[in-house]
K.L.:
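Please read through the structure below; I'll follow up with questions.
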Amino acid sequence: MQVMLCVFLGGGLGALARYLLVNLVLSNGTIMRIPFAILSVNLLGSLLIGLLAGFFSRESSASLLQPFLIVGFLGGFTTFSSFSLENFDLIRDGLPWAALANILASVVGGILLAALGFSLTYRSA
């Protein structure tokens with residue numbers, strides 16, 4: 001029950017953080033019609049999940065902080081469904097190259113940032 005409460009609370013806080021960051025990024029415009037607000041959220045979320053995965057890999061005991069942060073907060077923060085819809089909208093609007101650029105930047109950038117985050121916090125035994 002404690003784990004579920006941690007996930008629930010983390011998810012709400014993550015969704016709020018996403019909302020605030022998206023509004024901050026949206027106020028700064030876009031380049032090439034790529035939806036940078038959601039791209040920023042997904043890339044930052046990838047870096048954070050890598051950092052946390054590396055950090056928690058060093059911990060010997062289970063903690064409620066892990067489900068709160070990784071499943072809850074980052075689950076509420078990252079926005080793959082919004083990412084999918086924005087790319088569909090770009091394609092529908094006749095901008096397939098903008099969609100492709102956004103997909104590549106999000107997926108490749110996300111994987112690279114997750115790896116970077118993990119490598120910054122992981123220490124092998």
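Just the heavy atoms: all of them, side chains too, but no hydrogens, waters or symmetry mates, feed the values below. Positions are given from 1, in the same order as the sequence printed here.
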K.L.:
What are the two closest heavy atoms between Leu43 and Gly109, and how far apart are they?
P.N.:
CD2-C, 3.4 Å

K.L.:
Hey, any chance Val41 and Leu24 share a hydrophobic cluster, counting ILVMFWY side chains that come within less than 4.5 Å of each other, even indirectly?
P.N.:
yes

K.L.:
Using only atom types and a distance under 3.5 Å, with no angle test, would you say the side chain of Arg18 pairs donor to acceptor with the backbone of Gly76?
P.N.:
yes

K.L.:
Just verifying a value: how many Å separate Asp93 CG and Phe88 CZ, rounded to the nearest 0.5 Å?
P.N.:
9.0 Å

K.L.:
Under 30°, 30 to 60°, or over 60°: which ring-plane class applies to Phe83 and Phe80, parallel, tilted or perpendicular?
P.N.:
tilted

K.L.:
If hydrophobic clusters are built by linking Ile, Leu, Val, Met, Phe, Trp and Tyr wherever their side-chain heavy atoms come under 4.5 Å apart, do Leu44 and Leu112 end up in the same one?
P.N.:
no

K.L.:
Any non-hydrogen side-chain atom of Gln2 less than 4.5 Å from a side-chain atom of Leu5?
P.N.:
no

K.L.:
Considering all heavy atoms of both residues, which atom of Ser46 and which atom of Gly110 are nearest to each other, and what is their separation?
P.N.:
CB-O, 3.1 Å

K.L.:
Answer yes if Ile38 and Val107 sit in the same cluster of Ile, Leu, Val, Met, Phe, Trp and Tyr residues linked by side chain heavy atoms under 4.5 Å apart, and no otherwise.
P.N.:
yes

K.L.:
Looking at Arg58 and Thr121, would you say the former's side chain and the latter's main chain have a donor-acceptor pair under 3.5 Å?
P.N.:
yes

K.L.:
In Å and rounded to the nearest 0.5 Å, what is the OG to CZ distance from Ser63 to Phe55?
P.N.:
8.0 Å

K.L.:
CG/Leu113 to CZ/Phe118 distance, rounded to the nearest 0.5 angstrom?
P.N.:
15.0 Å

K.L.:
In terms of hydrophobic clustering (I, L, V, M, F, W, Y; side-chain heavy atoms under 4.5 Å; direct or indirect links), are Ile111 and Leu51 co-clustered?
P.N.:
yes

K.L.:
So, taking the atom named CZ in Phe68 and the one named CG in Leu74, what distance separates them when rounded to the nearest 0.5 Å?
P.N.:
10.0 Å

K.L.:
Nearest 0.5 Å please: distance from the CH2 atom of Trp97 over to the CD1 atom of Ile91.
P.N.:
11.5 Å

K.L.:
Over all heavy atoms of both residues, which pair between Ser57 and Tyr122 is shortest? Give the atoms and the distance, please.
P.N.:
OG-CD1, 3.1 Å

K.L.:
Grouping I, L, V, M, F, W and Y whenever their side-chain heavy atoms are under 4.5 Å apart, do Leu9 and Met4 come out in a common cluster?
P.N.:
no

K.L.:
Kindly give the heavy-atom pair with the smallest separation between Phe56 and Leu65, and that separation in Å.
P.N.:
CZ-C, 3.8 Å

K.L.:
Nearest 0.5 Å, what's the CD1-SG distance between Ile70 and Cys6?
P.N.:
13.0 Å

K.L.:
Taking all non-hydrogen atoms of both residues, which atom of Asn87 and which atom of Ala99 are closest, and how far apart?
P.N.:
OD1-O, 3.3 Å

K.L.:
Looking only at atom types and distance, does a side-chain atom of Asn102 sit under 3.5 Å from a main-chain N or O of Ala98, one as donor and one as acceptor?
P.N.:
no

K.L.:
Just by distance, do the side chain of Ser119 and the backbone of Leu116 share a donor-acceptor pair under 3.5 Å?
P.N.:
yes

